[in-house]
Amino acid sequence: MVPKNDDSLTAASPLRRWWHVATIDVTPLRRHRDFRLLFIGRFVSFFGSMISFVAVPYQTYQLTHSVLLVGLLGVLEFAAILAVAFVGGALADAQDRRRMVLLTEAALMVCSVVLAANAALGHPQVWVLFVISTAWGALDALQRPSLDAMLPRLVERDELAAAAALGGIRGTLGQIVGPALGGVLVAAAGLPITYLVDVSTFLVGLACLGLMRAVPPPVDAERPSLRRVVEGLRYARSRQELLGTYFVDMIAMFFGMPMALFPAVAQGLGGPKVLGLLYAAPAVGSFLFSATSGWTNRVHRHGMGVIVAATAWGLAIIGFGFAPSLWPALLFLVFAGAADMMSGVFRSVIWNQTIPDSLRGRLASIEMLSYTSGPALGNFEAGAVASLFNVRVSIVSGGVLCVIGCLLCALALPAFRAYDARQHHFAPDPETGGVKQRKD
């Protein structure tokens, strides 16, 4: 038999390499059991939470017929996050992180049980919805720092970008499919059943968390205290790489967040029937970026990556503001969503590669405040400018200011701009038993 020519194998190698670069890297799911359990549990649980995310505002409006009270739900949730975030961060650095996530997940399930019971009453109580929304914010602020601080314990350092992209896939799928299913369930099965579906998803999440191994606090952990919180704030202030991730994201979201204007934009692009498409388009872009993010493992200049991504977000928002019809508008929003996910992946890598384990919970609480306050304040800014001028001026000016702000951050924070993962890593610290940063 004549041996086969190796040309076919040689030709296949570049194709295989391209496939790995152009698709999502699932290595963390294949290699790490605990990461796989966390991914599955969080995916199912978040999916259910997005169902209630639709049901609670709907029920509030159904009972009160007040858009102001519907808006108050978000205000109360955000206020609770602000009040509790630093407590959650301090606890994440002092307690078993898996246990913290497990306990808060169980408390969130109880909230959904209360919602189902209230909805089943002959006369559901509106105040229950406001109490639960406030509890959601507080529990999220307690859970998120422990959840974020677990990730570097579950995967290898060179897998952090892939793990962040997988988290993006999980989140965007939940944001796209969850609300759609929530609307169908509310219409077809009623609110009590809708909330019970959310309860069932929590059971899956709790089972996966229960199967995971413990994630104990760092060896140098101390009891939560105000001093420990201040220590985290001082550390964040001393690191330009971290400040850059906070400032760039807040600038992009404050100036370039036009979602509050989508109902007004929809009026000129086809009416209410296109409003859902405007809200879904950024999530579609985030999903597409995550699904093709294998190449991010080859990027080392993550600070520059954040700057480029946030600038691209601003440019996409400018394009959206000038879009003459629906499809160009949707295309720019898809591009904006992809840029936002790119920024999120690289910010996550910087946080997880450079923050010592003993500080990860407290720094995660700062991160949470940066990415929750930006959109909330940004929507207010967009509405205020639109009321003074018009919708297009608000959107376009916000995009322009976003680009300018990102470039100014790049100039003002050279260490952030020059950050290179190949020159930053942690080595064992014999004095504490933990780790300390070393720059080669």
A.B. asks: Going through the checks in order, is the side-chain contact (heavy atoms from CB on, under 4.5 Å) test met by F416 and V306?
C.D. replies: CA-CA 9 Å; F416 170 58; V306 173; 3.9 Å; yes
A.B. asks: Evaluate whether atom OH of Y58 has more than 12 neighbouring non-hydrogen atoms of other residues, nucleotides or ligands under 6.0 angstrom away.
C.D. replies: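 Atom OH in Y58 is not packed in, count stays at 12 or less.
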A.B. asks: Which residues pass the side-chain contact (heavy atoms from CB on, under 4.5 Å) test with L369, sequence neighbours left out?
C.D. replies: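 Expected list: I81, L82, A85, F86.
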A.B. asks: Quick check: do W351 and E367 have side-chain heavy atoms less than 4.5 Å from each other?
C.D. replies: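 Contact flag for W351/E367 side chains = yes.
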A.B. asks: Would a 4.5 Å heavy-atom cut-off, applied to side chains only, mark C406 and C402 as touching?
C.D. replies: yes
A.B. asks: Considering only NZ, NE, NH1 and NH2 on the basic side and carboxylate oxygens on the acidic side, decide whether D25 and R298 come within less than 4.0 Å.
C.D. replies: no
A.B. asks: Where do V385 and S397 land on the side-chain contact (heavy atoms from CB on, under 4.5 Å) test, with the steps shown first?
C.D. replies: CA-CA 9 Å; V385 175; S397 65; 4.2 Å; yes
A.B. asks: Salt bridge or not between R234 and E231? Use side-chain N to carboxylate O under 4.0 Å.
C.D. replies: no
A.B. asks: Rounded to the nearest 0.5 Å, how far does CG of L38 lie from CG of L166?
C.D. replies: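 Answer rounded to 0.5 Å: 11.5 Å.
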A.B. asks: Is a side-chain donor or acceptor of R362 paired with a backbone partner of G89 at a separation under 3.5 angstrom?
C.D. replies: no
A.B. asks: Return the orientation label for the F39 and F35 ring planes: parallel under 30°, perpendicular over 60°, tilted otherwise.
C.D. replies: tilted
A.B. asks: Count the heavy atoms of every other residue, nucleotide or ligand shown that sit under 6.0 Å from CZ of R417, and state whether that count exceeds 12.
C.D. replies: yes
A.B. asks: Could you grab the distance from atom CG of L37 to atom CE of M212, nearest 0.5 Å is fine?
C.D. replies: 7.0 Å
A.B. asks: Give a yes or no on this: more than 12 heavy atoms of other residues, nucleotides or ligands lie within 6.0 Å of atom CZ of F254.
C.D. replies: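 Counting other residues, nucleotides and ligands, CZ of F254 exceeds 12 neighbours.
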A.B. asks: Under 6.0 Å from the CZ atom of F46, do we count more than 12 heavy atoms belonging to anything else shown?
C.D. replies: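 Yes.
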A.B. asks: Can you tell if the side chain of E156 reaches within under 4.5 Å of the side chain of H32, non-hydrogen atoms only?
C.D. replies: yes
A.B. asks: Are S49 and R42 packed together at the side-chain level, in the sense that at least one heavy-atom pair is separated by less than 4.5 angstrom?
C.D. replies: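 Not touching, per the 4.5 Å side-chain cut-off.
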A.B. asks: Contact between F255 and I317 at the side-chain level, heavy atoms closer than 4.5 Å - yes or no?
C.D. replies: no
A.B. asks: Return yes if some donor-acceptor pair links the side-chain N/O of R360 with the main-chain N/O of D148 below 3.5 Å, else return no.
C.D. replies: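 No, because the side chain of R360 does not come within donor-acceptor range (under 3.5 Å) of the backbone of D148.
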A.B. asks: I need the minimum non-hydrogen distance between C111 and L139, along with the two atoms involved.
C.D. replies: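 Result for this residue pair: SG-CD1, 4.0 Å.
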A.B. asks: So does R33 have more than 12 non-hydrogen atoms from other groups sitting under 6.0 Å from CZ?
C.D. replies: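 For R33, atom CZ is crowded (more than 12 foreign heavy atoms under 6.0 Å).
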A.B. asks: Can you give me the closest heavy-atom contact between I350 and G303, atom names plus distance?
C.D. replies: CD1-N, 3.7 Å
A.B. asks: Answer yes or no: is there a side-chain heavy-atom contact under 4.5 Å between P282 and D340?
C.D. replies: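 They are not in side-chain contact.
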A.B. asks: Going by atom types only, do T354 and E241 share a side-chain donor-acceptor pair under 3.5 Å?
C.D. replies: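 Side chains of T354 and E241: no pair found under 3.5 Å.
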A.B. asks: When you measure from the side chain of Q143 to the backbone of T104, do you find a donor-acceptor pair of N or O atoms at a distance under 3.5 Å?
C.D. replies: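 Such a contact is absent between Q143 side chain and T104 backbone.
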A.B. asks: Looking at OH of Y235 and CD1 of I366, how far apart are the two atoms once the value is rounded to the nearest 0.5 Å?
C.D. replies: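 The CD1 atom of I366 is 11.0 Å from OH of Y235, to the nearest 0.5 Å.
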A.B. asks: Would you please classify the geometry between the W295 ring and the F346 ring as parallel, tilted or perpendicular, with 30° and 60° separating the classes?
C.D. replies: perpendicular
A.B. asks: Could you point out which residue of F335, F262, F332 forms a ring pair (Phe, Tyr, Trp, His ring centres under 6.0 Å) with F320?
C.D. replies: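 In the set F335, F262, F332, the residue that makes a ring pair (Phe, Tyr, Trp, His ring centres under 6.0 Å) with F320 is F262.
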A.B. asks: Are any of the side-chain heavy atoms of E77 and L73 separated by less than 4.5 Å?
C.D. replies: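 Sidechains of L73 and E77: no contact.
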A.B. asks: So F47 and V177, side-chain contact (heavy atoms from CB on, under 4.5 Å) or not? Walk me through it.
C.D. replies: CA-CA 8 Å; F47 181 79; V177 181; 3.4 Å; yes
A.B. asks: Would you find a donor on one side and an acceptor on the other, under 3.5 Å apart, between the side chain of S348 and the backbone of G344?
C.D. replies: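 No: the side chain of S348 does not pair with the backbone of G344.
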A.B. asks: Which atoms form the tightest heavy-atom contact between V199 and S112, and what is the distance?
C.D. replies: CG2-CB, 3.6 Å
A.B. asks: Indicate yes or no for a side-chain donor-acceptor contact from S286 to the backbone of G337 under 3.5 Å, with no hydrogens or angles considered.
C.D. replies: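 Yes: the side chain of S286 pairs with the backbone of G337.
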A.B. asks: Tell me, do F289 and T296 make a side-chain contact under 4.5 Å, heavy atoms counted?
C.D. replies: yes
A.B. asks: Could you tell me whether the side chain of R98 and the main chain of V215 form a donor-acceptor pair under 3.5 Å?
C.D. replies: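 No; judged by distance alone, with no hydrogens or angles, the pair does not exist.
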A.B. asks: Among residues at least two apart in sequence or on other chains, which ones pass side-chain contact (heavy atoms from CB on, under 4.5 Å) with A309?
C.D. replies: M342, S343
A.B. asks: So, are D34 and R153 salt-bridged, with charged N and O less than 4.0 Å apart?
C.D. replies: no
A.B. asks: Ignoring hydrogens and geometry, is there a side-chain-to-backbone donor-acceptor pair from S394 to A382 under 3.5 Å?
C.D. replies: yes
A.B. asks: Atom CG of L147 and atom CG of L142: how far apart are they, to the nearest 0.5 Å?
C.D. replies: 12.5 Å
A.B. asks: Between OG of S358 and CG of D93, what distance do you get to the nearest 0.5 Å?
C.D. replies: 6.5 Å
A.B. asks: At their closest point, which heavy atom of I307 faces which heavy atom of T311, and how far apart are they?
C.D. replies: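 Closest pair (atom of I307, atom of T311, distance): O-OG1, 2.8 Å.
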A.B. asks: Indicate the atoms forming the closest heavy-atom contact of A55 with T194, along with that distance.
C.D. replies: CB-CG2, 4.1 Å
A.B. asks: Please name the pair of heavy atoms, one in L359 and one in G232, separated by the smallest distance, quoted to 0.1 Å.
C.D. replies: CD2-CA, 4.2 Å
A.B. asks: Hey, what do you get for CZ (R30) to CZ (R36), rounding to the nearest 0.5 Å?
C.D. replies: 10.0 Å
